[in-house]
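Following: one structure in structure tokens, then a few remarks.
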Amino acid sequence: MTPNTLRIATRKSALALWQAEHVAALLRAVHPELTVDLVPLSTRGDEILDQPLATIGGKGLFLKELEVAMLEGRADLAVHSLKDVPAELEPGFALPAILPRADAADAFVSNDYADLASLPLGAKVGTSSLRRQAQLRALRPDLELLDLRGNVGTRLAKLDAGHYDAIVLACAGLERLALAARIRCRLAAPDWLPAPGQAAIAIEARADQPATLALLAVLDDADTRLEVSAERAMNRALGGSCTVPVGAWCTVTERGLHLRGLVGDAASGRLLHAQADGEDAEALGLSVAQALFAQGAGEFLGTDG
Ligand SMILES: NCc1[nH]cc(CCC(=O)O)c1CC(=O)O
């Protein structure tokens, strides 16, 4: 039976609410007969801000409460930043739609400096992302890297309060919050890689609700799905944890898919890079992961596979 209401579970941060409202507007446009409501929820990932994500249980923390709401019938779908969705989705759930990707680059944000190269020796840069830390170390071993968690507004406020000379955020998040003016320069591929799935919004729903899945699938963007599938397949093959820096960037070209990947060691700043072309997203992700393992990625990942 086709539902007449779609309830969207969302986190309460400004970015999460923007993304959920965006999906609500798209759903109302394609299904004018449906009522679409938001169900804002608090997640453990939002509440525990004094510890790095990697030590408190990783990215799944941002999804758990939203998934419980769907299982208990309090919501029909959840909207996520795909980069916050773990490489292995919780069993019983699906991603029926992935929206067209925004700018996947990271943003260098500073009140005093135009770009990374202009930062003085030993400057303080805030980011809790191991991927961002590893790439910063590789480019500028002299920098002092400091933890910085919290939502986008909190991070900008800490920069403005003078705790850091610069911080690194995602361009997509800043753009969605009408804060693109804060971007001093883009940190973009091929010199800098984003997180797997960065800048794509994912819709999650229960795998056992075919009528709901069909309503949501209308919003899926085929090219973005191919790109992020390759990135996430690579990440999964590398172990898919958020305790190791992993960057990935796939684009659809006339010749098929092109995927670049990196694995870093946050402590040493060593980075391994690999890239390949292919037709099949899953196979391409695997082959780039294998190329990274062949260069010794297993050492960084704490595995020998
Ligand atoms: N880590 C939180 C998070 N999750 C998604 C985005 C940005 C939006 C996106 O990538 O879709 C952000 C903020 C940031 O990294 O600056």
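All values derive from a computational prediction rather than experimental measurement. Order of listing sets the numbers, starting from 1, for every ligand and every atom in it. By convention here, the first residue in the shown sequence is residue 1. Computation of the quantities below employed the complete heavy-atom set of this structure, encompassing side-chain atoms and omitting hydrogens, waters and symmetry-equivalent molecules.
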- Decide side chain to side chain contact (heavy atoms under 4.5 Å, CB included) for R270 and L272; before the verdict, give the C-alpha distance in whole Å, the side-chain angles of both, and the deciding distance to 0.1 Å. CA-CA 7 Å; R270 263 186 71 210; L272 303 175; 3.9 Å; yes
- Task: Verify side chain to side chain contact (heavy atoms under 4.5 Å, CB included) between L34 and L215, making sure each step is shown before the conclusion.
- Result: CA-CA 10 Å; L34 295 182; L215 291 171; 3.8 Å; yes
- Item | Top protein contact for atom 13 (C) of ligand 1, by heavy-atom distance | V152 CG2, 4.1 Å
- For atom 11 (O) of ligand 1, the closest protein heavy atom turns out to be R176 NH1, 3.0 Å
- Message: Yes or no: does R101 have any heavy atom under 4.0 Å from an atom of ligand 1?
- Response: no
- Message: Looking only at the side chains, is there a donor atom on one of D147 and S128 sitting less than 3.5 Å from an acceptor on the other?
- Response: yes
- Task: Show your reasoning for whether side chain to side chain contact (heavy atoms under 4.5 Å, CB included) applies to L146 and H163.
- Result: CA-CA 9 Å; L146 300 169; H163 299 301; over 6 Å; no
- Keeping to residues at least two apart or across chains, list the salt bridge (Lys or Arg N to Asp or Glu O under 4.0 Å) pairs with something in residues 108-118. none
- Message: Does ligand 1 come near enough to A170 that some N or O of the ligand is less than 3.5 Å from an N or O of the residue?
- Response: yes
- Could you list which atoms of ligand 1 come closer than 4.0 Å to a heavy atom of Q198? 10 (O)
- Message: Show the atoms of ligand 1 that are less than 4.0 angstrom away from any heavy atom in R132.
- Response: 14 (C), 15 (O), 16 (O)
- Note on the structure: If you compare K83, R11, R149 by their heavy atoms, the one closest to atom 12 (C) of ligand 1 turns out to be K83
- Query: Backbone or side chain, does any N or O of A199 fall under 3.5 Å from an N or O of ligand 1?
  - Reply: yes
- Query: Mind checking whether L63 and L213 sit in one hydrophobic cluster, side chains of I, L, V, M, F, W, Y counted as touching below 4.5 Å?
  - Reply: no
- Item | For atom 4 (N) of ligand 1, the protein heavy atom that lies nearest, with its residue and separation | D84 OD2, 3.0 Å
- Message: Can you tell me which portion of L169 lies within the under-4.0 Å heavy-atom range of ligand 1? Options are side chain, backbone, both, or neither.
- Response: both
- Query: Should V152 and L179 count as side-chain neighbours, where that means a heavy-atom distance under 4.5 Å?
  - Reply: yes
